[in-house]
Student: 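One structure, as structure tokens, below. Some questions next.
Quick note: numbers below take in every heavy atom, side chains included, and nothing from hydrogens, waters or symmetry partners. Order of the sequence lines fixes the chain letters, A, B, ..., with proteins taken first and strands second; residue numbering starts at 1 for each chain.
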Number of protein chains: 2
Amino acid sequence: MPLIDSLIDALRVLPGVGPKSAQRMAYHLLQRDRPGATRLAETLAGALRDVRHCERCNSFTEAPVCERCLSPQRDPTQLCVVEMPSDLMVMESTLAYKGLYYVLMGKLSPLDGIGPRELGFERVMARATDGVVTEVILATNFTNEGEATAHYLGEMLRARGLKVSRIARGVPVGGELEHTDLGTVAQAFTERRGW
Amino acid sequence: MPLIDSLIDALRVLPGVGPKSAQRMAYHLLQRDRPGATRLAETLAGALRDVRHCERCNSFTEAPVCERCLSPQRDPTQLCVVEMPSDLMVMESTLAYKGLYYVLMGKLSPLDGIGPRELGFERVMARATDGVVTEVILATNFTNEGEATAHYLGEMLRARGLKVSRIARGVPVGGELEHTDLGTVAQAFTERRGW
């Protein structure tokens with residue numbers, strides 16, 4: 001196979017990239033942006049070699065333990081469980097949370113063969129029962145799979161005597177009831193707070 | 001910058017990839033498909049090192065002259081000019097053409113600073129006036145830029161006494177007039193053939 005076709009083929013490992021986009025990407029890389037292409041090849045090779053999972057939070061890092069987990073500024077008694085590093089970044093950008101994290105790197109997904117073992121629930125338990133953590137905040141998504149993940153983990157954590165909480169569902173800040181889906185409004189009603 | 005962020009950043013050189021998709025791609029490569037990611041890094045580095053432009057048709061190849069240009073099965077008196085290698089592949093898959101190609105690797109685009117010099121029109125002229133080519137078929141796209149490219153090149157080629165043709169515009173095969181845009185129908189009328 002000509003090398004250009006191998007490249008088009010190799011680009012299809014990228015999620016959401018079909019034959020047409022792969023072709024367009026290959027031409028762009030070789031014809032329009034060789035410096036960028038070189039940087040991509042080198043950074044990808046470097047990341048494959050050096051990026052690992054933090055021993056404490058399981059997120060991506062180059063060190064055995066990431067900077068965030070080592071920071072003395074964070075409250076080590078709170079542990080927030082999220083699905084992906086992108087969810088961690090969202091939590092961080094709210095500036096509302098000062099504790100530590102555990103990143104599952106996925107969610108329970110029986111159809112894809114991802115169960116508690118594959119997600120490493122025993123590692124979450126080990127992390128949460130370090131004797132310092134007092135509250136585990138479940139911040140998985142409110143999708144079916146995210147909810148199942150939170151439910152399962154919550155049960156396990158409570159069984160160990162840990163305080164477990166779940167981030168709140170409800171009408172978005174600035175949101176109007178008229179433009180919010182019924183399930184969310186119903187949930188916001190059920191989970192109403194004293195005022 | 002953490003290596004994972006460098007990777008997300010590097011992925012943004014790909015056309016059509018914004019911050020969100022770049023993040024999704026980086027996680028996928030490192031978390032879900034490391035063999036595919038390794039193949040991508042290696043193939044891209046290999047392509048950057050070895051892929052060059054064919055000395056005759058200007059398309060991508062690893063050899064000085066590509067296999068198609070060397071093939072004794074092709075009719076060397078016909079030269080088809082296309083914008084990109086993907087256009088060449090479309091022409092090839094019609095099985096309607098047995099001549100040779102010249103791939104411009106772009107089109108006239110004054111706003112992007114791409115003029116006749118940048119597109120290497122003098123190389124097209126040199127290729128077309130090899131003494132063997134008798135007809136040049138202009139198969140650039142029917143966009144404004146593709147039309148301008150065909151027009152400009154056609155003028156230059158005719159000035160050298162070469163026979164020049166342009167692939168036909170018209171109602172698509174299987175197309176209904178009612179569902180064809182008016183410009184195309186008008187063109188199909190103007191360029192009607194004796195029957």
Student: A:Arg12 versus A:Pro19: any side-chain heavy-atom pair under 4.5 Å?
Tutor: yes
Student: For the candidates B:Arg24, B:Lys20, B:Arg34, B:Glu67, which exhibits the highest count of non-hydrogen atom pairs separated by less than 4.5 Å from chain A?
Tutor: B:Arg34
Student: Would A:Ile114 end up clustered with A:Met125 when hydrophobic side chains under 4.5 Å apart are linked, directly or stepwise?
Tutor: yes
Student: Below 4.5 Å from any heavy atom of chain B, which atoms of A:Pro85 appear? Answer side chain, backbone, both or neither.
Tutor: both
Student: Taking every heavy-atom pair that is under 4.5 Å apart, which of B:Leu44, B:Thr43, B:Val17 has the most such pairs with chain A?
Tutor: B:Leu44
Student: Which residue out of B:Leu30, B:Asp33, B:Val51 racks up the most heavy-atom pairs below 4.5 Å with chain A?
Tutor: B:Leu30
Student: Is the charged tip of A:Arg166 near the ring of A:Phe142: under 6.0 Å from the six-membered ring centre and within 45° of its axis?
Tutor: yes
Student: Identify whether A:Leu119 and A:Val164 are in the same connected component of the hydrophobic contact network (ILVMFWY, side-chain heavy atoms under 4.5 Å).
Tutor: yes
Student: Chain A: which of B:Val13, B:Ile4, B:Leu7, B:Leu48 shares the most heavy-atom pairs with it under 4.5 Å?
Tutor: B:Leu48
Student: Using a cut-off of under 4.5 Å on heavy-atom pairs, state which of A:Pro35, A:Ala63, A:Gly36 scores highest against chain B.
Tutor: A:Gly36
Student: Sort B:Arg32 into side chain, backbone, both or neither according to what part of it lies under 4.5 angstrom from a heavy atom of chain A.
Tutor: side chain
Student: Should we say atom CG of B:Asn144 is surrounded by more than 12 heavy atoms from elsewhere, each under 6.0 Å from it?
Tutor: no
Student: Between the side chains of A:Tyr97 and A:Gln78, does any donor sit under 3.5 Å from an acceptor?
Tutor: no
